[in-house]
Amino acid sequence: MQRHGPGTTAAPRMRVTGLLLLVAHLSIVGWLTLRPRTVPWVPAANLEPLATIQAELARGPSWEGIQHLGGSVLLLAPLGVLLPLSAGRLNVSPLVSLTRTAFAGAMIALAIELLQTGVPGRVPDIDSVLLGTLGVAVVHLAVVPGARCRLRRRYGHLGDTTPRIPRVELAPQADALSGSRTYL
């Protein structure tokens with residue numbers, strides 16, 4: 001295996017770090033949201049979008065409302081950074097990255113809410129999905145484009161890592177073909 005300069009292992013390290021942090025974060029989120037709670041009664045599930053948000057805002061400014069709405073936004077917000085970090089892509093369209101990350105965040109939030117239907121004391125709420133997706137998108141927009149720009153400047157020389165034959169400027173056949181097939 002050829003090495004292509006000092007720092008070529010940065011992208012795999014970032015990807016592995018991102019995956020480990022993503023697994024750790026999702027484990028904590030699962031532990032926080034899927035533990036059974038002992039409560040005397042539970043309200044009905046909220047399947048009407050924005051109903052819980054409107055109810056919290058109608059009560060006026062209160063610490064409980066801020067905790068409920070802010071907690072829903074902040075719970076999945078780190079996924080806005082961890083999902084692109086675990087993918088390890090530097091050269092991707094910002095709109096595609098935002099769309100991909102927000103969709104993945106929405107699916108994770110939806111999966112958590114669907115799993116909560118079988119947990120005693122937990123009630124699914126569609127507004128938690130909306131707020132979680134909002135948190136993922138806002139953190140992604142705030143952090144990822146600037147971080148990618150800095151990383152592209154720092155590791156720009158690694159954009160073309162395919163080794164080339166110096167005098168001919170061609171890539172070796174094994175690297176140019178997909179998989180391990182070689183044609184003679």
Side-chain angles (χ1 to χ4, degrees), residues 11-149 151:
R13 283 184 188 164
M14 284 190 301
R15 185 175 294 145
V16 168
T17 303
L19 284 171
L20 290 174
L21 290 173
L22 180 65
V23 168
H25 179 71
L26 288 178
S27 299
I28 292 169
V29 167
W31 182 75
L32 289 173
T33 59
L34 299 176
R35 286 183 308 169
R37 289 192 307 187
T38 306
V39 292
W41 62 275
V42 290
N46 174 29
L47 300 178
E48 181 182 339
L50 304 178
T52 303
I53 297 170
Q54 288 175 349
E56 291 290 341
L57 294 176
R59 277 197 241 172
S62 68
W63 181 246
E64 292 83 20
I66 292 171
Q67 280 182 318
H68 183 258
L69 295 178
S72 294
V73 170
L74 294 177
L75 183 67
L76 296 178
L79 294 178
V81 175
L82 294 177
L83 288 170
L85 182 64
S86 64
R89 295 185 182 116
L90 287 180
N91 298 320
V92 66
S93 165
L95 182 61
V96 170
S97 177
L98 175 65
T99 304
R100 185 183 303 138
T101 304
F103 180 75
M107 291 299 105
I108 290 170
L110 183 63
I112 288 170
E113 293 300 318
L114 289 175
L115 288 172
Q116 282 184 347
T117 61
V119 177
R122 297 288 180 169
V123 179
D125 186 1
I126 192 67
D127 290 339
S128 294
V129 175
L130 297 175
L131 291 170
T133 306
L134 176 70
V136 169
V138 167
V139 167
H140 181 84
L141 284 173
V143 175
V144 173
R148 276 196 176 135
C149 182
L151 287 172

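Since we're looking at a predicted model, the values are computed, not measured. Residue numbers start at 1 and run along the sequence shown. Just so you know, these numbers use all the heavy atoms, side chains as well, and skip hydrogens, waters and symmetry mates.
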Rounded to the nearest 0.5 Å, how far apart are [atom1] of [X] and [atom2] of [Y]?
X	Y	atom1	atom2	value
Leu115	Thr117	CG	OG1	7.0 Å
Leu50	Ile126	CG	CD1	10.0 Å
Arg15	Arg89	CZ	CZ	8.0 Å
Cys149	Leu90	SG	CG	10.5 Å
Met107	Phe103	CE	CZ	4.0 Å

In short, Ser86 meets Gly18 closest at the heavy-atom pair CB-C, 3.8 Å
On a heavy-atom basis, the closest approach of Leu130 and Pro49 is CD1-CB, 4.2 Å
Those residues at least two apart in sequence (or on a different chain) that pass salt bridge (charged side-chain N to carboxylate O under 4.0 Å, His left out) with Glu113 are none
Applying salt bridge (charged side-chain N to carboxylate O under 4.0 Å, His left out) to Arg37 and not counting sequence neighbours gives none
Sorted by chain and residue number, the side chain to side chain donor-acceptor pair (under 3.5 Å) partners of Ser97 (sequence neighbours excluded) come out as His140, Arg148
Discussion item. Using modelled atom types and a 3.5 Å cut-off, is there a donor and acceptor pairing between side-chain atoms of Thr101 and backbone atoms of Leu98?
Written reply: no
In short, salt bridge (charged side-chain N to carboxylate O under 4.0 Å, His left out) pairs touching residues 56-66 with sequence neighbours left out are Glu56-Arg59
Here the salt bridge (charged side-chain N to carboxylate O under 4.0 Å, His left out) pairs for residues 95-110, sequence neighbours left out, are none
The residue among Leu26, Val136, Val129, Val29 that forms side chain to side chain contact (heavy atoms under 4.5 Å, CB included) with Ile108 is Leu26
Identify, with sequence neighbours excluded, every residue that meets side chain to side chain contact (heavy atoms under 4.5 Å, CB included) alongside [X].
X	result
Leu47	none
Val119	Leu34, Pro36, Arg122
Ala45	Val123, Pro124
Leu57	Ile53, Leu69

Quick note, side chain to side chain donor-acceptor pair (under 3.5 Å) partners involving residues 41-50, not counting sequence neighbours, are Asn46-Thr52, Asn46-Asp125, Asn46-Asp127
For residues 74-81, tabulate all N or O donor-acceptor pairs below 3.5 Å that involve a side-chain atom, not counting sequence neighbours.
none

